[in-house]
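Atoms within each ligand, like the ligands themselves, are counted from 1 in listed order.
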Amino acid sequence: MRGLKDKVVVLTGGAGGIGRATAGRLAEEGARVAILDLNGEGAATAAAEIGNGAIGIGLDISDQQAVIAAVARVEAEVGPISGLVNNAGWDKMMPFLKSDAELWRRIVDVNLFGPVNVTHAVLTLMAERGEGRIVSIASDAGRVGSSAEAVYSYCKGGVIAFMKTLAREHARQGINCNSVCPGPTDTQLFRDFDPGGKLAAALERAVPMRRVGKPEDYPGMVAFLLSDDAAFITGQVISVSGGLTMSG
Ligand SMILES: NC(=O)c1ccc[n+]([C@@H]2O[C@H](COP(=O)([O-])OP(=O)(O)OC[C@H]3O[C@@H](n4cnc5c(N)ncnc54)[C@H](O)[C@@H]3O)[C@@H](O)[C@H]2O)c1
């Protein structure tokens with residue numbers, strides 16, 4: 001893909017799942033990736049595996065000061081950041097009326113304040129330089145809802161609206177902001193919801209392509225949106241979910 005060679009990309013949640021697969025693909029395309037993850041050891045291992053000058057930094061994206069320090073470290077050690085993938089996310093499935101404020105706060109901290117913290121730190125630099133690409137991994141839950149994921153869905157809908165608004169505010173500065181929405185995907189996050197595999201079996205029947213997603217289903221779309229080929233695409237929401245949702 002055009003324009004990814006030597007691009008410095010910050011990617012959150014790259015120690016596992018969709019983020020790990022995406023970090024690997026971006027490095028293959030020549031990008032230098034900084035992986036920010038709660039699992040610092042996993043981030044360092046992933047960075048060593050993908051190579052091409054990647055680094056791993058352990059932090060919680062809901063901690064704004066830690067995010068600001070990490071972004072400064074990436075600029076100093078890797079170079080000027082021109083791409084951001086907001087991928088880290090977390091949820092615990094539970095009917096809304098059974099959930100409590102402690103769970104809501106954690107879900108909002110990670111899935112809403114996390115991308116806001118990282119985007120604010122990175123976009124500040126992109127705006128000064130008049131160049132940048134931001135891709136947020138939202139969810140089909142944010143487009144069409146998802147039972148037992150009310151607060152998570154509210155956050156992911158918020159991420160989609162956040163990207164659209166920043167796309168409008170920064171279009172003339174050459175900064176593109178888009179969202180990618182996975183459907184149910186076989187990662188640790190999903191396995192924690194569904195240890196017996198019953199939900200996955202039901203979803204396989206519901207997905208037109210008759211399977212749940214794999215981490216490898218997403219990196220191509222993310223790499224494309226970060227590339228020069230997507231220069232005229234901004235404020236868009238793209239579902240990658242085997243046809244499960246076909247939003248207008
Ligand atoms: N798996 C699915 O079914 C599915 C469906 C739709 C959307 N998504 C979204 O895709 C993204 C990736 O999810 P995944 O399925 O690969 O999950 P995963 O649990 O396999 O990986 C998530 C990564 O994010 C990191 N992380 C979690 N909280 C963090 C925090 N506060 N600070 C920094 N890092 C943190 C984890 O350590 C982990 O490495 C998430 O935004 C998730 O909401 C997943």
Side-chain angles (χ1 to χ4, degrees), residues 10-24 34-47 49 56-67 70-71 84-93 105-119 121 135-149 151-160 162-163 179-194 197 199-200 202-204 206-207 211-219 221-222 237-242 244-245:
V10 167
L11 180 146
T12 66
I18 294 169
R20 172 65 183 81
T22 304
I35 297 172
L36 276 45
D37 201 295
L38 198 54
N39 175 357
E41 208 176 301
T45 304
E49 286 168 2
I57 300 175
L59 55 62
D60 184 336
I61 55 168
S62 68
D63 176 346
Q64 191 187 12
Q65 291 315 312
V67 167
V71 167
L84 167 63
V85 184
N86 283 311
N87 165 77
W90 180 79
D91 191 25
K92 183 172 177 187
M93 282 186 107
R105 274 196 203 98
R106 186 61 191 152
I107 294 172
V108 171
D109 276 350
V110 177
N111 298 288
L112 265 184
F113 279 108
V116 169
N117 289 336
V118 183
T119 301
V135 179
S136 288
I137 306 300
S139 171
D140 272 350
R143 305 188 91 176
V144 298
S146 176
S147 297
E149 295 193 289
V151 177
Y152 173 83
S153 303
Y154 142 77
C155 294
K156 293 297 191 177
V159 166
I160 292 168
F162 179 51
M163 286 294 102
S179 299
V180 171
C181 292
T185 304
D186 183 19
T187 64
Q188 193 56 49
L189 181 69
F190 187 76
R191 279 178 232 130
D192 288 344
F193 296 159
D194 184 34
L199 180 59
L203 285 164
E204 276 163 16
V207 175
R211 66 171 177 85
V212 297
K214 305 185 290 253
E216 296 71 31
D217 288 321
Y218 306 96
M221 179 54 70
V222 177
V237 186
I238 299 160
S239 285
V240 178
S241 52
L244 180 62
T245 46

Student: If you measure from atom 36 (C) of ligand 1 to every heavy atom of Asp37, Asp186, Leu36, which option wins on shortest distance?
Tutor: Asp37
Student: Can you find a pair of side-chain heavy atoms, one from Leu203 and one from Phe190, that are under 4.5 Å apart?
Tutor: yes
Student: Give a yes/no on ligand 1: does Gly183 have at least one heavy atom closer than 4.0 angstrom to it?
Tutor: yes
Student: Please examine the side chains of Asn111 and Tyr154, heavy atoms only from C-beta on, and report whether any two atoms are closer than 4.5 Å.
Tutor: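 Of all side-chain heavy-atom pairs linking Asn111 with Tyr154, none is under 4.5 Å.
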Student: Answer with side chain, backbone, both or neither: which part of Asp140 has a heavy atom less than 4.0 angstrom from an atom of ligand 1?
Tutor: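 It is neither part, as no heavy atom is under 4.0 Å.
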Student: Can Lys156 and Glu149 be counted as an ion pair, charged N to O under 4.0 angstrom?
Tutor: no
Student: Taking only heavy atoms of Ala138 into account, list the atoms of ligand 1 that are under 4.0 Å away from them.
Tutor: 7 (C), 9 (C)
Student: For the residue pair Arg106 and Lys92, establish whether any side-chain heavy-atom pair is separated by less than 4.5 Å.
Tutor: no
Student: Quick check: Thr185 and ligand 1, any N/O pair under 3.5 Å apart?
Tutor: yes
Student: Quick test: of every protein heavy atom, which one is nearest to atom 24 (O) of ligand 1, and how far off is it to 0.1 Å?
Tutor: Gly13 CA, 3.3 Å
Student: So is Tyr218 close enough to ligand 1, meaning a heavy atom under 4.0 angstrom away?
Tutor: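 Flag not set, Tyr218 not near ligand 1.
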Student: Tell me whether Pro184 reaches ligand 1 (any heavy atom closer than 4.0 angstrom to a ligand atom).
Tutor: yes
Student: For atom 17 (O) of ligand 1, which candidate among Asn87, Leu189, Ile35, Leu59 provides the closest heavy atom?
Tutor: Leu189
Student: Measure the shortest side-chain to side-chain distance between Cys181 and Thr245 over non-hydrogen atoms and say whether it is less than 4.5 angstrom.
Tutor: no
Student: Heavy-atom distances under 4.0 Å are what count here, so tell me which part of Arg106 touches ligand 1: side chain, backbone, both or neither.
Tutor: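 The part of Arg106 near ligand 1 is the side chain, not the backbone.
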Student: To check your reading of the model: name the closest protein heavy atom to atom 32 (N) of ligand 1, its residue, and the distance in Å.
Tutor: Ile61 N, 3.0 Å
Student: Does Phe162 form a side-chain contact (heavy atoms from CB on, under 4.5 Å) with Ser136? I'd like the steps, not just the answer.
Tutor: CA-CA 10 Å; Phe162 179 51; Ser136 288; 5.6 Å; no
Student: Applying the side chain to side chain contact (heavy atoms under 4.5 Å, CB included) test to Thr185, which of Asp217, Ile18, Val212 qualifies?
Tutor: Ile18
Student: If you have a sec, work out which protein heavy atom is nearest atom 10 (O) of ligand 1 and how many Å separate them, to one decimal?
Tutor: Ile137 CG2, 3.4 Å
Student: Backbone, side chain, both or neither: what part of Cys181 comes under 4.0 angstrom of ligand 1, heavy atoms only?
Tutor: neither
Student: Number the atoms of ligand 1 from 1 as they appear, then name those within less than 4.0 Å of a heavy atom of Gly17, with their elements.
Tutor: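 Near Gly17, the atoms of ligand 1 are 16 (O), 20 (O).
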Student: Starting from atom 16 (O) of ligand 1, which protein heavy atom do you reach first, and at what distance in Å?
Tutor: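 Ranking protein heavy atoms by distance from atom 16 (O) of ligand 1, first comes Ile18 N, 2.8 Å.
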Student: Any side-chain heavy atom of Leu244 sitting closer than 4.5 Å to one from Val144?
Tutor: no
Student: Of the side chain and backbone of Leu38, name the one, both, or neither that has a heavy atom under 4.0 Å from an atom of ligand 1.
Tutor: both
Student: Return the residue, atom name and 0.1 Å-rounded distance of the protein heavy atom closest to atom 14 (P) of ligand 1.
Tutor: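 Here the nearest protein heavy atom works out to Thr187 OG1, 3.6 Å.
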Student: So if I count the atoms of ligand 1 from 1 in the order they appear, which ones are less than 4.0 Å from some heavy atom of Ala88?
Tutor: 24 (O), 26 (N), 34 (N), 35 (C), 41 (O)
Student: Looking at ligand 1, would Pro215 count as a contact under a 4.0 Å heavy-atom criterion?
Tutor: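 The answer is no, since Pro215 has no heavy atom less than 4.0 Å from ligand 1.
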Student: Does even one non-hydrogen atom of Thr12 get within less than 4.0 Å of ligand 1?
Tutor: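 False for this residue.
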Student: Which protein heavy atom lies closest to atom 27 (C) of ligand 1, and at what distance to 0.1 Å?
Tutor: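 Scanning the protein heavy atoms, the shortest distance from atom 27 (C) of ligand 1 goes to Gly89 O, 3.8 Å.
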Student: Is the shortest heavy-atom distance from the side chain of Thr22 to the side chain of Asn87 under 4.5 Å?
Tutor: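 SC-SC contact between Thr22 and Asn87 ruled out.
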Student: In terms of heavy-atom contacts, does CZ of Arg105 have more than 12 from other residues, nucleotides or ligands at under 6.0 Å?
Tutor: no
Student: Given Val110, Val212, Asp194, Thr22, which one has a non-hydrogen atom that is nearest to atom 28 (N) of ligand 1?
Tutor: Val110
Student: What is the closest protein heavy atom to atom 31 (N) of ligand 1, and at what distance does it sit?
Tutor: Asp60 OD1, 2.9 Å
Student: If I compare all heavy atoms of Ala138 with all of Ser179, which pair ends up nearest, and what's the gap?
Tutor: CB-CB, 4.4 Å
Student: Please state which protein non-hydrogen atom is closest to atom 8 (N) of ligand 1 and give its distance, to 0.1 Å?
Tutor: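 Ranked first by proximity to atom 8 (N) of ligand 1 is Tyr152 OH, 3.5 Å.
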Student: Just by modelled atom types, is the Leu199 backbone N or O under 3.5 Å from a matching donor or acceptor in the Asp194 side chain?
Tutor: yes
Student: Take every heavy atom of Lys156, measure it against each atom of ligand 1, and state whether any distance is under 4.0 Å.
Tutor: yes
Student: Flag the pair Leu84 / Val118 as yes when at least one side-chain heavy-atom distance between them is below 4.5 Å, and no otherwise.
Tutor: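 Of all side-chain heavy-atom pairs linking Val118 with Leu84, at least one is under 4.5 Å.
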Student: Determine whether more than 12 heavy atoms belonging to other residues, nucleotides or ligands lie under 6.0 Å from atom CD of Glu41.
Tutor: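 No, not enclosed.
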Student: Let me see the working for Asp60 and Asp109 under side-chain contact (heavy atoms from CB on, under 4.5 Å), right down to the final yes or no.
Tutor: CA-CA 10 Å; Asp60 184 336; Asp109 276 350; over 6 Å; no
Student: Does Asn111 reach ligand 1 with a nitrogen or oxygen that is under 3.5 Å from one of the ligand's nitrogen or oxygen atoms?
Tutor: no
